[in-house]
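Throughout, residue positions are numbered sequentially from 1 according to the sequence presented.
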Amino acid sequence: MNEAPENVRLIGGEMLLWSDSSHTSGVTDWRGVALELVRRLLPIETEEDGKARVLLVGPHPRGLVDEVVARAASVAVLLRSYPDACALAERHPDLAVHCGRLSALPEGEPYDLVLALDGLRRTHSAEEVAPPWRESLGALAALVAPGGRFVLSVSNDLGIDRFVEARPADRDSGDEHWEPHGFDQGYPDGPGALDEELAAAGLTPERCYAAYPGRAAPRALLGRELLGCDLPDALTVPLSARGGDRMLVADPLRLTRLVFSHGLGEQLAPLWVAMATRPSNAPTVRADVSPGQFEDSPTVRADLPLGLFEEGHAVHEVIWGATRRLPDGVERAIPAGRVLEEVLIEACAREDVRAVRDLLTVLGDWVEMGGDAAADNLVWDGERFAAIHALPPPPARPADRVVLCRVLWRFAVRLLAAGHHHPWPWPRQAEQLTLTLCGMAGRPCDQADLDLARKLDAELGQPAELSDAAPTYRDLLGARDRLADQLTAALARVSRLETKLTYRERELLRARGRLRKSQRKSAAYRRTLGYRLSRRLARPRRVARRVLRLLSG
């Protein structure tokens with residue numbers, strides 16, 4: 001073991017050869033939304049000594065740790081991995097790094113902010129029996145100072161990502177599966193139970209966020225107040241997980257839309273991020289909520305965002321009826337209407353070709369007026385189209401038919417990849433279906449236009465090509481069904497050939513029997529007296545004929 005830096009303190013229970021920063025450890029990849037939330041939570045100073053104390057519990061992404069160290073005056077970190085602790089201490093020499101398990105953390109002054117965005121599963125060593133989740137929560141809550149804040153991430157065992165992913169979670173072989181918590185009765189099964197556990201630990205719940213689209217890489221945080229409303233499609237569509245090399249059971253976009261439409265966005269969130277505070281004499285103010293709603297929600301502070309989501313490299317804050325680009329962006333109203341892709345899929349499912357043709361014709365008119373957005377980034381309110389997220393225009397806008405072809409190409413790829421039904425049985429490939437849809441829109445395109453559309457789609461940064469992605473579970477089932485049909489047909493043909501072969505063998509046996517019977521009759525006939533006499537009497541006549549031929553010669 002190498003010599004540890006001076007700012008690393010071994011407290012007991014440290015894992016000397018294990019690293020939680022590897023790609024297989026399953027550490028949550030927090031990015032923009034977590035950074036924005038932490039910026040609003042970091043205390044700049046306290047009334048007593050003007051120096052705020054922050055504690056990071058468990059492994060966190062490097063960018064988040066750097067942000068906390070740059071903004072807070074005093075930061076301490078608790079890690080169980082000795083290599084990770086040494087690497088972090090060398091990168092930040094002024095950081096106090098405690099290496100070991102949570103139960104061995106020495107008592108000292110409480111902290112004004114305690115961050116545990118990776119949860120509590122990596123706060124104990126794998127070489128010991130894991131303590132109950134409730135016990136770890138109590139030990140961590142005791143470190144929060146009066147008036148201080150506590151942020152905890154809790155994964156949902158019944159999150160939507162569990163329904164989307166076909167591969168069992170324990171096949172990931174992450175270190176979190178060393179000690180499954182399935183038998184831990186204290187582990188919360190919902191936001192309500194999580195609030196009760198925080199209250200039992202002496203904390204006052206402030207707000208609970210639902211993290212989407214997945215626990216591995218959350219890119220959106222939605223507060224309970226938002227999830228209690230009927231969210232517009234323009235806000236829920238970006239919350240679905242797409243792409244990757246995963247084996248999927250269902251279309252993530254469709255499943256996420258159903259979750260929000262049935263009001264289950266909070267219960268089926270892949271991850272919950274709970275925020276609580278230790279009571280003090282400091283008064284709290286009610287956050288800005290819509291009049292007449294959410295009277296029974298917990299008391300929250302006005303500096304907490306209602307919701308955050310990432311769009312590319314930018315972070316947007318959700319306010320009532322609008323979004324605002326951070327840090328000082330202009331508010332943009334959330335467009336109303338249904339997602340165009342969903343409308344087209346439903347029309348295709350009921351084989352309403354006329355509705356598809358009418359909608360594609362209006363879409364073609366909109367593109368000719370300068371519009372450009374993919375079908376999954378476009379909402380339709382019955383009269384007009386509106387883009388959910390504005391995309392940067394290309395340097396030189398191509399022909400309108402190429403733009404329309406790109407939109408329909410993306411829709412065709414997603415329609416076939418998700419296994420949805422469509423009323424055109426002849427197109428087996430996305431290219432054929434795209435040309436068919438362009439013809440239905442009244443703007444026929446050829447293969448050259450399609451090639452330009454695919455090139456434009458790749459230049460915009462999110463190509464619709466799915467050839468490198470792993471097949472979905474539905475694709476595997478379809479391939480299995482096709483192979484089963486082919487095998488059934490082959491077995492039926494083999495059975496018919498075997499029946500015919502059996503019949504021919506029987507016919508051959510009967511023919512052989514008749515031949516042997518004829519041979520026996522012929523042999524018996526040759527042995528008769530009449531046959532022998534006729535043969536001998538016929539011989540002189542043959543000799544006489546030969547003599548006459550020679551003489552007449």
Side-chain angles (χ1 to χ4, degrees), residues 3-16 18-21 27-28 30 34-35 37-125 131 135-153 201-203 273 275-278:
E3 185 178 356
E6 296 181 356
N7 54 337
V8 174
R9 181 180 180 183
L10 304 181
I11 61 177
E14 57 274 355
M15 300 176 66
L16 301 179
W18 176 261
S19 174
D20 283 321
S21 61
V27 177
T28 307
W30 291 103
L35 291 176
L37 185 63
V38 168
R39 292 189 188 105
R40 302 193 182 193
L41 294 177
L42 283 175
I44 304 302
E45 61 181 11
T46 60
E47 297 179 357
E48 292 78 6
D49 56 2
K51 185 178 181 181
R53 306 182 75 242
V54 180
L55 173 65
L56 288 170
V57 180
H60 289 78
R62 175 176 296 186
L64 192 145
V65 176
D66 296 342
E67 183 74 17
V68 173
V69 173
R71 288 178 171 265
S74 175
V75 182
V77 178
L78 174 64
L79 296 173
R80 65 177 183 178
S81 170
Y82 178 76
D84 294 346
C86 293
L88 183 60
E90 292 177 356
R91 194 167 73 249
H92 298 286
D94 298 332
L95 192 65
V97 181
H98 302 278
C99 183
R101 58 181 178 269
L102 174 61
S103 58
L105 185 66
E107 296 182 0
E109 297 183 11
Y111 295 89
D112 301 293
L113 178 62
V114 177
L115 294 175
L117 291 177
D118 187 61
L120 303 179
R121 296 181 179 179
R122 272 176 276 266
T123 58
H124 60 275
S125 174
E135 179 181 332
S136 299
L137 175 63
L140 204 56
L143 303 175
V144 183
R149 277 177 167 173
F150 175 55
V151 183
L152 174 65
S153 171
L203 302 175
V273 179
M275 305 176 59
T277 183
R278 184 169 292 281

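The closest side-chain donor-acceptor pair between Asp20 and Ser81, if any, does not fall under 3.5 angstrom.
Residues Cys99 and Leu79 form no side-chain contact, since every pair of their non-hydrogen atoms from C-beta on lies 4.5 Å or further apart. At a threshold of 4.5 Å between non-hydrogen side-chain atoms, the residues Phe150 and Val57 do not count as touching. You'll find the side chain of Leu41 reaches within 4.5 Å of the side chain of Met275, heavy atoms only. Leu120 has its side chain within reach of Leu152: a pair of non-hydrogen atoms, C-beta onward, lies under 4.5 Å apart. In this structure, Pro106 and Arg9 have side chains that are in contact, with non-hydrogen atoms separated by less than 4.5 Å.
Just one of Leu35, Leu117, Val38 meets the side-chain contact (heavy atoms from CB on, under 4.5 Å) condition when paired with Trp30; it is Leu117. When each of Leu140, Val54, Leu55 is checked for a side-chain contact (heavy atoms from CB on, under 4.5 Å) with Tyr111, only Leu55 meets the rule. Paired with Arg149 under the rule side-chain contact (heavy atoms from CB on, under 4.5 Å), one option of Asp112, Leu42, Leu113 passes, and it is Leu113.
Glu14 approaches Gly12 most closely through the heavy-atom pair OE1-N, 2.9 Å. Contact detail for Gly119 and Thr123: the closest heavy-atom pair is O-CG2, 4.2 Å. Taking both residues in full, the closest heavy atoms of Arg80 and Arg122 are given as NH2-CG, 3.1 Å, listed atom of the first, atom of the second, then distance.
Interatomic distance, Arg71 CZ to Arg39 CZ, rounded to the nearest 0.5 Å: 5.5 Å. Separation of atoms CG (Leu95) and CD (Glu90) is listed at 12.5 Å; rounding is to 0.5 Å.
For Asp94 (side chain) and Val69 (main-chain N/O), no donor-acceptor pair under 3.5 Å exists by modelled atom type. Put simply, the side chain of His98 never gets that close to the backbone of Ala96: no donor and acceptor are under 3.5 Å apart.
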side-chain contact (heavy atoms from CB on, under 4.5 Å) between Ile11 and Leu78: does it pass, once the steps are laid out? CA-CA 10 Å; Ile11 61 177; Leu78 174 64; 3.8 Å; yes

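Atom CZ of Arg91 sits in a crowded spot, with more than 12 heavy atoms from other residues, nucleotides or ligands closer than 6.0 Å.
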